[in-house]
Protein chains: 2
Amino acid sequence: MTVSTSDEYRKLITPGSCVACHSHLCQLLPADRRDAAQGLLELNRGSRLEAVEGGGFPRLWNIVRGVAAITTLLADGRRQVIGLHYPGDTVWAPEPVGGTIAWLEAQTDCWICQIDTSAASHAASANEALQARLFTLVQRQLEEQAARIVTLGRLDGYERLCLYLGELASRIGRPMGREILISLPMSRADIGDYLGLNAETVSRILARIRKDGLVKFVSPTQMIIPDLARLEKAVPIATPGQRQAARLRNTATSGGARLATNGPARAGGAS
Amino acid sequence: MTVSTSDEYRKLITPGSCVACHSHLCQLLPADRRDAAQGLLELNRGSRLEAVEGGGFPRLWNIVRGVAAITTLLADGRRQVIGLHYPGDTVWAPEPVGGTIAWLEAQTDCWICQIDTSAASHAASANEALQARLFTLVQRQLEEQAARIVTLGRLDGYERLCLYLGELASRIGRPMGREILISLPMSRADIGDYLGLNAETVSRILARIRKDGLVKFVSPTQMIIPDLARLEKAVPIATPGQRQAARLRNTATSGGARLATNGPARAGGAS
DNA sequence: CGGGTAATTGAGCACTCTCAAGGACGGTGG
DNA sequence: CCACCGTCCTTGAGAGTGCTCAATTACCCG
């Protein structure tokens, strides 16, 4: 993990006019604690960020740039990516619990703004805007995790990968006319860790999805999605777009929370 | 869903001296909203409780008695149990999102205390104790869901069931000397929906666990765990030492933290 | 142009699913 | 009390999906 002090940031995070992110969550902290409570970190690909004990109040990670995974390990070395987060996301940092630990791991070079609300809590418990924002944020993260539980519990590999590609397309895809260009931020093995598969299976299923014409390969890490709707139709669930629209409807009333959101959605599958 | 008004409750929930639960979360609500914000519900086995829009503030379900599952029903009738909750648990009620709805479903007869913090939020945002309590509660739920993601993503059926039995033992098991007696609150099919398996597989694996001596059957829904420690040893939960070792293995290859091998064979799953 | 990592592909196997047939259990009515 | 019935549980056979192991092939970077 690298703490950067480059000029590029200094400009971004000028106190009082930080433009690093769109959430401006830090602005809701009490003015005298704003500096202590935030810090923009630069993480190189593969480096990690572990939450420390927050004393009961949340530590938040705001993904300013890049893609970062919340990851954990089993005793035997098996690995699972619990969540995958994109620019604009704010993550409730997982605290160490009973021998198990999860950390944030940069999948690409990242800028992460760390916000420690414990610094704010005592002075700002009356801060209703902050509280509302935190609730919205937590609600979203609970939903995303619930969706991932369904994905891992009930979707097969093909569906999981279609979901993943759709997620990438809507979060970091670059529209090119009617098509969408995506750069995969993770290796096959990492994708496998995210989707509960292994690297070879990911590779094989990707080949199958390509053969079905749902995606075109530019290189192993760059692909083009000719028709997002068709890709999403391969997954018998609400699409990220639909969910986002629904959430905008939902949150429109409550305190102007307007983070672009998504996350894998609901699943079909067997039973 | 049944709203009970039986005498048995009336005694329990006498305002100001409610002893229905141990959380006493409702006591943290402002006094004038306490009645509006809570209500003790009786759910018969199989009945449901749906959250409604909370305006950005959480609706909480406090499990006083019984076992309840947060469940989603897919368009084709298949189910996924997202979470399973026991007496003493407080659940952040899932709000309807994008056409997908999750609800609480009583696995056994339940008493549920519903707490609506939106009633409290405006008057009591300064209530630091309540806020701290909510954070703790959310933190725990996020952790539980993260653990379930790992379970579904990386544990095989045998491990998932051992975990489930251990969970039951520690939450609703009755100690009998050195052994623990548990009454399964769910059918094989429901357990399958919880663990991402199907009913037949659950039955088969249960038979295998029995043959391995980790559990003794009293009846199909009552079992005895002779040695909880031995059961838990079947699940690779990371101890600090093991985690350290695994991390060293994991980081040894490169800064990218790659992993040579993945989880156990897990197949099927859907379609 | 080498060295190393990442990705692909193949063969064989393990785990879980589907479909199907009995068996155990509890409730009901005769 | 017992036959009947529905539900849940068990067990079997066969098929499907994904994993392991292993060998290439492609790609990146110096």
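Every chain is numbered from 1, with letters handed out A, B, ... down the list of sequences. Below, all heavy atoms of this structure are taken into account, side chains as well, without hydrogens, waters or symmetry copies.
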Separation of [X] atom [atom1] from [N] atom [atom2], in whole Å?
X: B:Arg160; N: C:dC17; atom1: CZ; atom2: P; result: 8 Å
X: B:Lys211; N: D:dT10; atom1: NZ; atom2: C1'; result: 14 Å
X: B:Leu161; N: C:dC15; atom1: CG; atom2: C1'; result: 14 Å
X: B:Leu184; N: D:dC9; atom1: CG; atom2: P; result: 9 Å
X: B:Gln222; N: C:dA24; atom1: CD; atom2: C1'; result: 16 Å
X: B:Arg210; N: D:dT11; atom1: CZ; atom2: C1'; result: 12 Å
X: B:Arg208; N: D:dG12; atom1: CZ; atom2: C1'; result: 16 Å
X: A:Asp190; N: C:dA7; atom1: CG; atom2: P; result: 9 Å

Minimum-distance nucleotide (side-chain atoms of [X] versus [options]):
X: B:Ala207; options: C:dT16, D:dT11, C:dT8; result: D:dT11
X: A:Ser187; options: D:dG18, C:dA7, C:dC17; result: C:dA7
X: A:Thr221; options: C:dA20, C:dA7, C:dT16; result: C:dA7
X: B:Leu197; options: C:dT9, C:dC17, D:dC19; result: C:dC17

Exercise for the section: Establish, from distance only, whether the side-chain atoms of B:Asn44 and B:Ser47 form a donor-acceptor pair under 3.5 Å. Expected result: no

Handout entry: Distance-only donor-acceptor check, side chains B:Gln80 and B:Tyr194, under 3.5 Å
Key = no

Practice task
Using heavy atoms to find the nearest nucleotide of DNA chain C for A:Arg204 and B:Ile205 separately, return the residue whose nucleotide is more 5′.
Solution key: A:Arg204

Exercise for the section: Would you tell me if any nitrogen or oxygen in the side chain of B:Asn198 comes within less than 4.0 Å of OP1 or OP2 on C:dT16? Expected result: no

Exercise for the section: Answer yes or no: does a side-chain N or O of A:Arg188 lie under 4.0 Å from OP1 or OP2 of C:dA6? Expected result: no

Problem - Pairwise 5' ranking along DNA chain D for A:Thr201 and A:Ser219, keeping only the more 5' one - result: A:Thr201

Practice task
Identify the heavy atoms of A:Leu155 and A:Val235 that sit nearest to each other, and give their distance.
Solution key: CD1-CG1, 4.1 Å

Problem - Close side-chain approach of B:Ile205 and B:Arg160, heavy atoms under 4.5 Å - result: no

Handout entry: cation_pi(B:Arg171, B:Tyr86) dist<6.0 Å, angle<=45
Key = no

